[in-house]
Amino acid sequence: MTENTAAKHELRVRPIENGTVIDHISAGQALNVLKILEIPGSSEGVVSVVMNAAGAHGKKDVVKIEGRELNVREVDRISLIAPNATINIIRNFKVLQKKKVHIPEYIEGVVRCMNPNCISNTMEPVNSKFDVTSEKDRILLRCKYCERVISENIAEHLL
C-alpha cells in the first residue's frame with residue numbers, strides 16, 4: 001500500500017464542539033476511565049476512545065466525551081489510575097482550559113480496602129479512607145483503618 005493510499009484509509013477521531021478530552025492516560029487504562037465515568041450510561045454525547053496511541057513518552061490512551069465536563073471527584077479517581085493524565089475542557093472546538101490531574105493526599109469512599117477483615121468492609125457504617133502517596137510512577141494507597149497498602153491494580157478496587 002502506498003503512503004497516499006494509507007492516508008486515505010486512516011481513521012481519524014473527529015474534534016468535539018463542547019466537552020472534555022482526557023489525554024495522556026496510561027496505556028491500557030481507558031476502559032477503567034470509562035468505568036469511573038460510568039460510561040455507557042451517564043453520557044448522552046459521543047464518546048471516543050483511542051488506545052495505545054503513540055505519544056511523546058510511549059503509548060497512551062485518550063478519551064473524548066462530548067457534552068460533559070468532569071467534576072472534582074471524577075478527576076481525583078482518574079488520577080489514581082492515570083497520574084500523568086491531562087484534562088482538557090473544550091468549548092466551541094477550542095481548548096478553553098488544560099490542566100494536569102492532581103493526585104489527592106487523601107481519599108474517602110473511592111476505593112475498597114483489599115483486606116476483607118478491615119472495618120470498612122464490614123456492615124459498620126464506615127467509609128473507606130486512604131492516604132495517597134506516589135513512589136516513582138506508582139500510586140500507593142494506605143488504609144487509615146488497617147494500614148493495608150494497595151499498590152497495584154487500583155482500578156479493581158474502585159467503588
Side-chain angles (χ1 to χ4, degrees), residues 11-55 57-90 95 97-116 118-123 125-146 148-159:
L11 180 63
R12 300 216 182 251
V13 178
R14 71 179 182 86
I16 61 174
E17 183 175 359
N18 297 298
T20 304
V21 176
I22 308 162
D23 196 1
H24 304 289
I25 300 168
S26 309
Q29 293 295 323
L31 297 179
N32 288 324
V33 169
L34 296 178
K35 178 181 172 186
I36 288 169
L37 300 176
E38 298 177 352
I39 295 172
S42 66
S43 183
E44 295 181 18
V46 172
V47 176
S48 303
V49 178
V50 177
M51 296 180 74
N52 296 318
H57 302 288
K59 292 188 176 194
K60 67 176 184 173
D61 292 354
V62 181
V63 174
K64 291 182 168 189
I65 309 157
E66 276 194 87
R68 180 171 171 190
E69 292 184 17
L70 308 184
N71 64 43
V72 174
R73 180 175 164 85
E74 291 169 328
V75 173
D76 284 351
R77 292 176 69 157
I78 290 169
S79 75
L80 298 175
I81 62 167
N84 297 315
T86 57
I87 308 295
N88 303 293
I89 305 302
I90 311 297
V95 177
Q97 184 180 31
K98 181 175 187 168
K99 59 184 175 182
K100 281 188 65 64
V101 296
H102 168 73
I103 301 168
E105 294 179 10
Y106 172 81
I107 56 171
E108 181 175 342
V110 174
V111 177
R112 179 181 305 108
C113 183
M114 61 191 291
N115 177 1
C118 180
I119 192 168
S120 65
N121 287 326
T122 65
M123 298 305 287
V126 175
N127 283 334
S128 63
K129 297 178 183 180
F130 290 87
D131 287 322
V132 181
T133 57
S134 62
E135 181 180 278
K136 296 182 183 177
D137 284 337
R138 283 178 35 177
I139 302 293
L140 303 174
L141 306 178
R142 180 176 303 277
C143 179
K144 288 286 232 181
Y145 301 111
C146 72
R148 181 77 55 102
V149 175
I150 301 173
S151 60
E152 295 179 0
N153 303 322
I154 292 173
E156 292 177 10
H157 301 283
L158 291 171
L159 294 172

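Values below: every heavy atom of this structure, side chains too, minus hydrogens, waters and symmetry copies. Remember, it's a predicted structure, so these values are computed and weren't measured experimentally.
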Taking side-chain contact (heavy atoms from CB on, under 4.5 Å) as the definition, give me every residue that meets it alongside N71, ordered by chain and number, with sequence neighbours left out. R73, E74
Which pair of heavy atoms, one from R138 and one from S151, lies closest together, and at what distance? NH2-CB, 3.1 Å
Counterpart residues, side chain to side chain donor-acceptor pair (under 3.5 Å), relative to D131 (two or more places apart): K144
Identify, with sequence neighbours excluded, every residue that meets salt bridge (charged side-chain N to carboxylate O under 4.0 Å, His left out) alongside E69. R91
Is the closest basic N to carboxylate O distance between R14 and E66 below 4.0 Å? yes
Contacts of type salt bridge (charged side-chain N to carboxylate O under 4.0 Å, His left out), residue K64, not counting sequence neighbours: none
Sub-3.5 Å donor-acceptor pair from the side chain of D61 to the main-chain atoms of N52, do we have one? yes
Judged by atom type as modelled, is there a donor-acceptor pair below 3.5 Å linking the side chain of T20 to the main-chain atoms of R68? yes
Spatial distance of atom CG (N153) from atom CE (M114) [nearest 0.5 Å]: 9.0 Å
Sequence neighbours excluded, which residues qualify as salt bridge (charged side-chain N to carboxylate O under 4.0 Å, His left out) partners of D23? K60
Atom pair SG (C143) and CG (N115), whose distance is rounded to the nearest 0.5 Å: 7.5 Å
Rounded to the nearest 0.5 Å, what separates atom CG in L80 from atom CZ in R77? 8.5 Å
Heavy-atom donor-acceptor pair, S128 side chain to V111 backbone, under 3.5 Å: yes
Contacts of V95 that satisfy side-chain contact (heavy atoms from CB on, under 4.5 Å) - sequence neighbours left out: N88, I90, K98
Which heavy atom of Q29 sits nearest a heavy atom of A155, and at what distance? OE1-CB, 4.3 Å
Closest non-hydrogen atom pair between V132 and P104, with its separation: CB-O, 3.0 Å
Residues I150 and C113: closest non-hydrogen pair is CD1-CA, 4.5 Å
CZ (R112) and CG (L159) are apart, to the nearest 0.5 Å, by 5.0 Å
Heavy-atom pair of closest approach, residues I81 and S26: O-OG, 3.6 Å
